[in-house]
Structures are given as structure tokens and as C-alpha cells.
Amino acid sequence: MNITILAVGTKMPRWVTEAVNEYSKRFGRDIHYTLKEIKPEKRGAGTSSAQGMAAEEKRILEALPPNAHIIALDERGKAPTSVELAEHLRGWQQNGAHPCFIIGGADGMTDSLKQRAHLMLRLSSLTLPHGMVRVLLTEQLYRAVSILNNHPYHRE
């Protein structure tokens, strides 16, 4: 199964890269995990947040893998349990889908991009830094795969 994360933002702190790498290497041979960084649009004089999000949307759409099953991370999305996320993964795997999780930029993502999403999820009701979202999402995806494989990583 292929899993892709498209994350607006570059130049993450070293601890973010190290943590994402640590969890992503645990997936094993059956999961092909990819994290693609999307260049954020510069904000400032003459560039509104709407213009910035539109430019980022264009970059995100260009980076989408073919036949992507789009999951947008948004504060208004559903907050699944780890077991529910595992069930989503099972369904996507059985249907041959390529889940592609999108983490928007500093201003979020456009409504049109959210409307394209097959599902909107949130990791927390708290506001989280983008780097932390990458780490938490990667860990939770690894945990979901572990649940599906009856691995003792997840305990209930």
C-alpha cells in the first residue's frame, strides 16, 4: 500500500525530520510511505492569505499522486481513534486506494481543496505546530498499520 503525506512547509527542525524518519522506517515492506514538502507561498506586502492559499493549492494539486484518495487535515474534521484510523486504512487497502494526507500551510487550505477531499480528519482540537502534525500523523499511521498486523505496539 502507498501512503503519501503532502505537507506545506519546508525547513523543519531536525527533531521533526528525525522523528518522522524513525516512524516511517518501521512500516516495513508492505507500506510505501512518502512525505513530500510543498513550498509555502511567501506572505507579506501585496499577498493576501487567500492568494497564498490559492498558490499553495496549485502546488498541492500538482504533487498529488495519480488516483489519490485525498484526506485533508483540518480543525473541523473528524477526530478518529487509532482503531478507527486503522479501519480506514484497511478499507483503503482493500479498495486499492492510495491515501494522500494533506497538511495545509500557516493559513490552512482553500475551501475548494477541502471540498475535493474524500475525508477531513483532525488529530487534535488543540492548535499544533506543523512539524508536530507531521510527527503525530506518521506515528498514528504506523500505529494503525501495527493494529492491522496485530503487532503489540498498540495496547488497549
Under the side-chain contact (heavy atoms from CB on, under 4.5 Å) rule, collect the residues that match up with Ile38, sequence neighbours excluded. Leu6, Val8, Arg59, Ile60, Ala63

So Val20 and Trp15, do their side chains get closer than 4.5 Å, heavy atoms only? no

Can you check whether Leu137 reaches Leu121 side chain to side chain, under 4.5 Å on heavy atoms? no

Would you call the rings of Tyr142 and Phe27 parallel, tilted or perpendicular, taking 30° and 60° as the class edges? perpendicular

Under 4.5 Å between any side-chain heavy atoms of Ile71 and His118, yes or no? no

Return all side-chain donor-acceptor pairs below 3.5 angstrom for residues 92-106, not counting sequence neighbours, or 'none' if the list is empty.
residue : atom : partner : partner atom : Å
Trp92   : NE1  : His69   : NE2          : 3.0
Asn95   : ND2  : Gly91   : O            : 3.1
His98   : NE2  : Thr4    : OG1          : 2.7

Does atom CE of Met120 have more than 12 heavy-atom neighbours from other groups under 6.0 Å away? yes

Is it true that Glu75 and Ser125 share a donor-acceptor pair across their side chains at a distance under 3.5 Å? no

Can you hop from Leu73 to Ile70 via hydrophobic side chains spaced under 4.5 Å? no

Indicate yes or no: at least one non-hydrogen side-chain atom of Leu123 is less than 4.5 angstrom from one of Met132. no

When you compare the side chain of Met12 with that of Arg134, does any pair of heavy atoms fall below 4.5 Å? yes

Just so I know, are the side chains of Ile5 and Leu141 near enough to count as touching, which here means a heavy-atom distance under 4.5 Å? yes

Residue pair Thr47 / Glu41, side-chain donor-acceptor N/O under 3.5 Å: no

Do Thr110 and Glu57 have a side chain donor and acceptor closer than 3.5 Å? yes

Side chains of Leu61 and Leu64: does their closest heavy-atom pair fall under 4.5 Å? yes

Are Leu85 and Met1 joined in one hydrophobic group, where the rule is that I, L, V, M, F, W and Y side chains link up if heavy atoms are under 4.5 Å apart? yes

Decide, yes or no, whether a salt bridge links Asp74 with Arg122 under the criterion of side-chain N to carboxylate O below 4.0 Å. no

Could you list the residues that satisfy salt bridge (Lys or Arg N to Asp or Glu O under 4.0 Å) with Lys58, not counting sequence neighbours? Glu62

